[in-house]
Amino acid sequence: MLDKTFNPGEVEGRIYAEWERSGAFRAGRRPDAKPFSIVIPPPNVTGRLHIGHALNNTLQDALARFERMRGKDVLWQPGMDHAGIATQLVVERQLAEKQQSRVGLGREKFLEEVWRWKNESGGAITQQLRRLGASADWSRERFTMDDGLSRAVVKVFVELYKQNLIYKDKRLVNWDPRLQTAVSDLEVENIEMKGHLWYLKYRIDGQMGRFITVATTRPETMLGDVAVAVHPDDERYKDLIGKFAILPLANRRIPIIADEYSDPEKGTGAVKITPGHDFNDFEVGKRHNLPVLNILNKDGTLNDTVPEAYRGLDRFVARKTIVGDLEAVELLDKVEPITHAVPHDEKTKTVVLEPMMTEQWYLNVQPLADKAIKAVEDGRTKFVPDNWTGVYFNWMRNIHPWCISRQLWWGHQIPVWYGPKKVVEQELRAYPFKEFVAQTEDEARKEAETYYGAKVRFVSQDENFDHALTSWSIEYKEKRESVVPLRRDPDVLDTWFSSALWAFSTLGWPDETPELKRFYPTSVLVTGFDIIFFWVARMMMMSLWFMPDVPFKTVFIHTRVLDEKGVKMSKTKGNVVDPLDLIDEYGADALRFTLALAAGQGRDMRIGPSRVEVNRNFATKLWNATRFCEINGCETVADFDPAKVTLTPNQWIVTETAATARELTTKLEALRFNEAASAAYHFIYDVFCDWYLEIAKPIFNGSDEKAKAETRATAAWARDTIFQLLHPLMPFITEELWARTAVMPRASMLIEGPWPKLDALPKFEDASRAMNWVIDLVKGVRSVRAEMNVPPSAKIALVLKDADAASKATLAANSDVILTLARLSSADVADVLPKGSAQFVLGEATVGLPLGDVIDFAKERARLEKELKKAEEEIDRIDAKLSNEQFVSRAPEDVLTEQREKRAEYAATATRLKEAVARLA
RNA sequence: GGGCGCGUAGCUCAGCGGGAGAGCACUUCCUUGACAUGGAAGGGGUCACAGGUUCGAUCCCUGUCGCGCCCACCA
């Protein structure tokens, strides 16, 4: 016997363990079936499940379960991302607690620490995904730093290098002075901040008392100025072009140049040019062959190119000092407060980034992007909803080289080794280096030894390479036996480089594995729009470059989750809803269903406890409906054929169940999760519980054993079908009930399917018509009872007048049901309605409820007249249409017919209502 | 500056060319043997605004206003 309520806490862990033990999640168990595959957007190894993950994985799981039930061979490929910066920071923070540091430990020891952390505390999120019910094939779990995936990364790097698509370049990057690494443009977040616009006066060389004023938000960068630019047509400055300004504090002469970059409308119309620390200025500098002056050290302090007074000062300290010093010599014209966007690191949003000249590795993605664009143009990959296609194209068509190197330790180290340029006496210089790009250290050694004709020695990351080179060159000069030092590039690759390969690297590439053959391209990618550029676009590019086909046929972009007030969740705002709390409180099914229901296309969703509670109630409803079936002996009949039921209510529920099965199938196929969920919700609540089970009650309480047996079997069938249909969205409760309602042990767990066979589901149209009539009749009676204040306990009589044969037959055949649901003492057919009847019109018939003294004539008249007015308004509206010649001549025939039929119906209703009113008198 | 999306019941949202829908909230009634985490009956909307297309517009087009987001720029 089932308890009164479902207790998810007791059930979920057990059921999940059973699924896992049974091997149901495993891919490849159905070699003859069609494959269906999804790769998970790999969560960070440092990650904890947030509501966005919960949504993302609920949708993936729903699809995996749906297709698995339909008999496909499903691979849901799980795994995690090594998350370079995030992970390195976590471990560094832990070290700091032990008074240790990354640098103090050295690279090798530090990496050991990271791995230890990963093995001990990393990947908590995979356990949390299990709590959500994720049916991923955990036996195939991958990590971006696995041996296999690392091999893929190196191979891709080497090949792209050989294709001259990967190269080193010295240019401006966004630099993070705290982590001391480059970050890609995508990782920059511009934050609006209050700041100042300082107006600096530069003296004109040779023109006493004349100044040119420039405005800047970063006055410290003036020490890196190499020119002042004015617009060639700007009359104010025309005569200064070609002259020189004296850069204050540094006392350098810098040229005043003409360049269209300067906008006479902005600032003073004259702009300082700092190619070393500004992206636009860099371009201007290139056009005018100006030098690039880098005034910053990697930690953001000022370097030795600036006057001694400022050396070693942090950039923000230097800003204050410089402004003060300029003011002191009266070269600060004015200061204006402004708000402007300041580049910050996207991760913490606390560090202000600096454009800085550094040498980095770049990937020329243009040729890759061309293929990725083509694939979407050709429809080989489709975005759903498709408005994201434009976003994708826009980015792809304006793509820039991708800065792929990061000055971190945790990640895929770049497979490039450096040795001295040449081993000839005249060129014992260490620079420039000779590069060896190889897939393994051995390969690099071989190449280097061939090149040098000598043995090589690998210099570790913690050793001083310059020192090694120096001593080597001394040894070489002195013709002593020596080995050539070789050191690997210390940088690692951007984390997204390895995730870009995820769709094929997780399947075993570069090996030609059976999984790669079977499950690539994957069926659908489910992800949020925030990583279209970071991840989706790059997977498209890398996959198409190294594989013969697209990585996925469909990209489903789901909405973003906001809190209940519609505010983006963030730790600092303290409005984060923890999905695990929701699971604890309401159960995973309730959370999943809530997320699915909110997953409409193209809009943010708001999630909070009150929403989840509603669906916990829904789970309770399903549970109790099942309990009702159990109490009434509804047992699954093994060879039950829904096409053979004979009772009207049973034929009706079979038809309704079939319609729901078809609808859910269609909606899930179309990735319309919210529509699938609401169809299930509506069917279970409104159709199955509120009507069918209520209809079944009098049958169960009656004496017709044959009817009882058929209804029990039908109810059990409908209930079992509900379990099947709901399983993708509410896997735990359905699996539990599937087992608990089994008479004989079930052939398999629900997770294995089957999905209802749509072709075998019948449609009983007569039964549907009849039951809709019964429902309308009962609703009409209930409505009158409520409005006339008839006590719920009072049984009243019903008289049906002017009914046609079908209605009479339906009434007769379902009288028990009608008497019970409408709480009637009798239901008869008559030619005349008794005096004192409340009345309502039902189709061609009029229903009378003789209330005797209870009836309030004034109220009844008002009620009927209100109905009549409604009907007459409808008639007028339709008449207005039908009398419009344009409408009659241009509207399609079926619309016309429909309108005419409607008019007739309303007219008939109106006539009967008028008669009813007349009868009152 | 370019782009995308959104303004529908008090709230959250679905619908998107021919009768305005759901959940929550609200009102009234019901502690009837599945479920009060429940049931029944109700009230509530010139579908942001203005034009246009159409026989017909909440739905399509244009514009306006308001809100949100993305990209670029920011002396």
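Values below: all heavy atoms of this structure, side chains included; hydrogens, waters and symmetry mates excluded. Protein chains get the first letters and strands the later ones, always in sequence-line order, with residue 1 at the start of each.
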Practice prompt. Check the distance between B:rC35's P and A:Leu2's CG and give it to me in whole angstrom.
Written response: 12 Å
Item to complete: May I ask you to test the A:Glu630-A:Met1 pair for a side-chain heavy-atom distance under 4.5 Å?
Response: yes
Worksheet item: A:Phe529 has a side chain; which of B:rC69, B:rA75, B:rC35 sits nearest to it?
Response: B:rC69
Fill in: Interatomic distance at C1', B:rG23 relative to B:rA14, whole Å
10 Å
Discussion item. Work out how far the P atom of B:rG51 is from that of B:rA40, and round it to whole angstrom.
Written reply: 44 Å
Practice prompt. With sequence neighbours excluded, give me every side chain to side chain donor-acceptor pair (under 3.5 Å) pair touching residues 678-690 of chain A.
Written response: none
Item to complete: Rounded to the nearest angstrom, tell me the gap between atom CZ in A:Phe628 and atom C1' in B:rA34.
Response: 7 Å
Practice prompt. Can you tell me, in whole Å, how much space there is between the C1' of B:rC13 and that of B:rG5?
Written response: 15 Å
Fill in: Candidate list A:Phe529, A:Phe533, A:Phe393, A:Trp395, test ring-ring contact (aromatic ring centres under 6.0 Å, His included), partner A:Trp388, passing option
A:Phe529
Item to complete: Check whether any side-chain heavy atom of A:Phe673 sits under 4.5 Å from a side-chain heavy atom of A:Leu597, and report yes or no.
Response: no
Worksheet item: How far, in whole Å, is B:rC26 from B:rU62 if one measures between their P atoms?
Response: 43 Å
Item to complete: Provide the distance between the two C1' atoms, one in B:rC16 and one in B:rU8, to the nearest whole Å.
Response: 11 Å
Item to complete: Return the value, rounded to whole Å, for the distance between atom CG of A:Asn394 and atom P of B:rC70.
Response: 15 Å
Response to the item:
Listed range with range, the stems formed with RNA chain B by at least 3 consecutive Watson-Crick or G-U pairs (under 3.5 Å) are B:1-7 with B:65-71, B:10-13 with B:21-24, B:26-30 with B:38-42, B:48-52 with B:60-64
Worksheet item: How many Å lie between CZ on A:Arg560 and C1' on B:rC67, as a whole number?
Response: 13 Å
Discussion item. Would you call the rings of A:Phe688 and A:Tyr692 parallel, tilted or perpendicular, taking 30° and 60° as the class edges?
Written reply: parallel
Worksheet entry | Whole angstrom value for the distance that separates P of B:rC4 from CG of A:Asn387 | 9 Å
Worksheet item: Among B:rU12, B:rC73, B:rC30, which nucleotide sits nearest the side chain of A:Pro792?
Response: B:rC30
Worksheet item: Where the side chain of A:Leu197 is defined as all heavy atoms beyond and including C-beta, which of B:rC35, B:rC71, B:rA75 is the nearest nucleotide?
Response: B:rA75
Discussion item. Is the phosphate of B:rA75 approached by A:Lys272 (side-chain N or O, under 4.0 Å from OP1 or OP2)?
Written reply: no
Practice prompt. Classify the side-chain pair A:Thr666/A:Arg672 by whether it contains a donor and acceptor separated by less than 3.5 Å.
Written response: no
Discussion item. Students often get this wrong, so: under 4.0 angstrom with heavy atoms, is A:Ser262 touching a base, only sugar-phosphate, or nothing?
Written reply: base
Item to complete: Nearest-nucleotide wise, let me know which of A:Val271 and A:Gly390 is further upstream toward the 5' end of RNA chain B.
Response: A:Gly390
Worksheet item: Which value, in whole Å, describes the distance between the C1' atoms of nucleotides B:rC49 and B:rC67?
Response: 15 Å
Practice prompt. Would you classify A:Val214 as touching base, sugar-phosphate or nothing, given that sugar-phosphate means primed atoms plus P, OP1 and OP2, and contacts are heavy atoms under 4.0 Å?
Written response: nothing
Discussion item. Can you check the distance between B:rA22 and B:rG15, where both ends of the measurement are the C1' atom (answer in whole Å)?
Written reply: 10 Å
Item to complete: Would you indicate what A:Asn632 reaches in the nucleic acid, counting non-hydrogen atoms under 4.0 angstrom: base, sugar-phosphate, or nothing?
Response: nothing
Worksheet item: CZ of A:Arg877 versus C1' of B:rG56: gap in Å, rounded?
Response: 11 Å
Fill in: Phosphate OP1/OP2 of B:rU12 contacted by A:Arg611 side-chain N/O (<4.0 Å)
no
Worksheet item: Is it true that the side chains of A:Asp185 and A:His400 contain a donor and an acceptor less than 3.5 Å apart?
Response: no
Worksheet item: What does A:Pro892 touch in the nucleic acid at a heavy-atom separation under 4.0 angstrom: a base, only the sugar-phosphate, or nothing?
Response: base
Fill in: Integer angstrom distance from the C1' of B:rG7 to that of B:rA50
16 Å
Worksheet item: Which part of the nucleic acid does A:Glu675 contact within heavy-atom distance under 4.0 Å: base, sugar-phosphate only, or nothing?
Response: sugar-phosphate
Worksheet item: Taking only side-chain nitrogens and oxygens of A:Lys697, does any of them come within less than 4.0 Å of OP1 or OP2 of B:rG33?
Response: no
Protein N or O to nucleotides 36-46 of chain B N or O, pairs below 3.5 Å:
{"residue": "B:rU37", "atom": "O4'", "partner": "A:Asn617", "partner atom": "OD1", "Å": "3.1"}
{"residue": "B:rU37", "atom": "O2", "partner": "A:Arg616", "partner atom": "NE", "Å": "3.0"}
{"residue": "B:rU37", "atom": "O2", "partner": "A:Thr620", "partner atom": "OG1", "Å": "2.3"}
{"residue": "B:rG38", "atom": "OP1", "partner": "A:Asn617", "partner atom": "ND2", "Å": "3.2"}
{"residue": "B:rG38", "atom": "O3'", "partner": "A:Lys621", "partner atom": "NZ", "Å": "3.0"}
{"residue": "B:rG39", "atom": "OP1", "partner": "A:Lys621", "partner atom": "NZ", "Å": "3.1"}
{"residue": "B:rA40", "atom": "OP1", "partner": "A:Asp690", "partner atom": "OD2", "Å": "3.4"}
{"residue": "B:rA41", "atom": "O3'", "partner": "A:Ser783", "partner atom": "OG", "Å": "3.2"}
{"residue": "B:rG42", "atom": "OP1", "partner": "A:Ser783", "partner atom": "OG", "Å": "2.5"}

Item to complete: Answer with yes or no whether the side chains of A:Glu187 and A:Ser184 bring together a donor and an acceptor at under 3.5 Å.
Response: yes
Practice prompt. Scan A:Asn884 against the nucleic acid and name what it touches under 4.0 Å (heavy atoms): base, sugar-phosphate only, or nothing.
Written response: sugar-phosphate
Worksheet item: What does A:Phe279 touch in the nucleic acid at a heavy-atom separation under 4.0 angstrom: a base, only the sugar-phosphate, or nothing?
Response: nothing
Item to complete: Tell me yes or no: between the side chains of A:Glu336 and A:Tyr199, is some donor less than 3.5 Å from an acceptor?
Response: yes
Worksheet item: Checking side chain to side chain contact (heavy atoms under 4.5 Å, CB included) for the pair A:Thr527/A:Trp535: CA distance, chi angles, key distance, verdict?
Response: CA-CA 9 Å; A:Thr527 193; A:Trp535 193 49; 4.2 Å; yes
Worksheet item: Does atom NZ of A:Lys708 have more than 12 heavy-atom neighbours from other groups under 6.0 Å away?
Response: yes
Worksheet item: In whole angstrom, what separates A:Asp225's CG from B:rA75's C1'?
Response: 11 Å
Worksheet item: Rounded to the nearest Å, what distance is computed from the CZ atom of residue A:Phe282 to the C1' atom of nucleotide B:rC73?
Response: 19 Å
Discussion item. Under a plain distance cut-off of 3.5 Å, with no hydrogens placed, do A:Thr274 and A:Lys272 share a side-chain donor-acceptor pair?
Written reply: yes
